[in-house]
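The block underneath contains the structure these notes are about, expressed in structure tokens.
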Amino acid sequence: VLLVESGGGLVQAGGSLRLSCAASGMVFSFNAMAWYRQAPGKQRELVATIGSGGNTNYADSVKGRFTISRGSAKNTVYLQMNSLEPEDTAVYYCNAVRVNEYWGKGTLVTVSS
């Protein structure tokens with residue numbers, strides 16, 4: 001199973017980015033998909049999750065600014081990030097679970113002040 005993230009980049013504070021994650025090699029739909037992030041010198045943290053039924057959960061720090069959604073294509077997930085802040089600068093990782101847990105290699109988001 002391979003997860004590939006895309007959509008990262010450099011953006012000014014207040015701007016927006018949309019991250020995408022596409023999975024290959026999985027026949028069945030994942031039970032849950034999520035986005036995590038890891039800032040320099042910090043531990044990896046959960047950003048948002050979405051279950052197979054569409055239920056979502058967000059870290060307090062991104063509530064109201066980020067939106068996680070699943071694509072029409074099986075096993076794709078997006079993260080719409082609005083009102084970005086310099087504190088959102090991190091490598092963002094896609095995560096998926098079905099019996100086992102899978103991770104992408106990450107995509108870098110840099111927010112300049």
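Numbers here are sequence positions counted from 1.
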Under a single-linkage rule joining Ile, Leu, Val, Met, Phe, Trp and Tyr whose side-chain heavy atoms are separated by less than 4.5 Å, which residues share a cluster with V4? L2
Quick one about S16 and N82 (side-chain donor to acceptor, distance below 3.5 Å, no hydrogens or angles considered), yes or no? yes
NZ/NE/NH1/NH2 to OD/OE distance under 4.0 Å, E45 and R37: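 R37 and E45: salt-bridged.
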Quick one: does M81's side chain get under 4.5 Å of V11's, heavy atoms only? no
Using side-chain heavy atoms (C-beta onward) and a distance below 4.5 Å, is I50 in contact with V77? yes
Taking ring-ring contact (aromatic ring centres under 6.0 Å, His included) as the cut-off, I'd like each qualifying pair that reaches into residues 34-90, sequence neighbours left out, listed once. Y36-W103
How long is the gap from [atom1] on [X] to [atom2] on [Y], to the nearest 0.5 Å?
X	Y	atom1	atom2	result
N95	E5	CG	CD	10.0 Å
F28	K74	CZ	NZ	8.0 Å
R98	S29	CZ	OG	7.5 Å
N55	I68	CG	CD1	10.5 Å
L17	L79	CG	CG	9.5 Å
S24	L3	OG	CG	8.0 Å

Candidate pair N75 and R70, rule side chain to side chain contact (heavy atoms under 4.5 Å, CB included), full reasoning: CA-CA 7 Å; N75 292 333; R70 297 184 79 148; 4.0 Å; yes
Any chain of hydrophobic side-chain contacts (each under 4.5 Å) joining Y102 to L19?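 Yes, because Y102 and L19 connect within a single hydrophobic cluster, where side-chain heavy atoms sit under 4.5 Å apart.
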Are Y92 and V111 connected into the same hydrophobic cluster when the rule is that any two of I, L, V, M, F, W, Y join if their side-chain heavy atoms are below 4.5 Å apart?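 Linked, V111 and Y92 end up in one cluster.
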Side chain to side chain contact (heavy atoms under 4.5 Å, CB included) involving N57 - partner list, sequence neighbours excluded: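 So N57 forms a side chain to side chain contact (heavy atoms under 4.5 Å, CB included) with T49.
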Nearest heavy-atom neighbours spanning [X] and [Y]:
X	Y	value
S113	A13	CA-CB, 4.3 Å
S112	L10	CB-CD1, 4.3 Å
C21	M33	SG-CE, 4.5 Å
A34	L46	CB-CD1, 4.1 Å
F30	A23	CE1-CB, 3.6 Å

Between T107 and G8, is there a donor-acceptor pair closer than 3.5 Å when you use the side chain of the first and the backbone of the second?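 Yes: the side chain of T107 pairs with the backbone of G8.
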Can you check whether A90's main-chain N or O pairs, donor with acceptor, with K42's side chain at less than 3.5 Å?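 Checked: no pair found.
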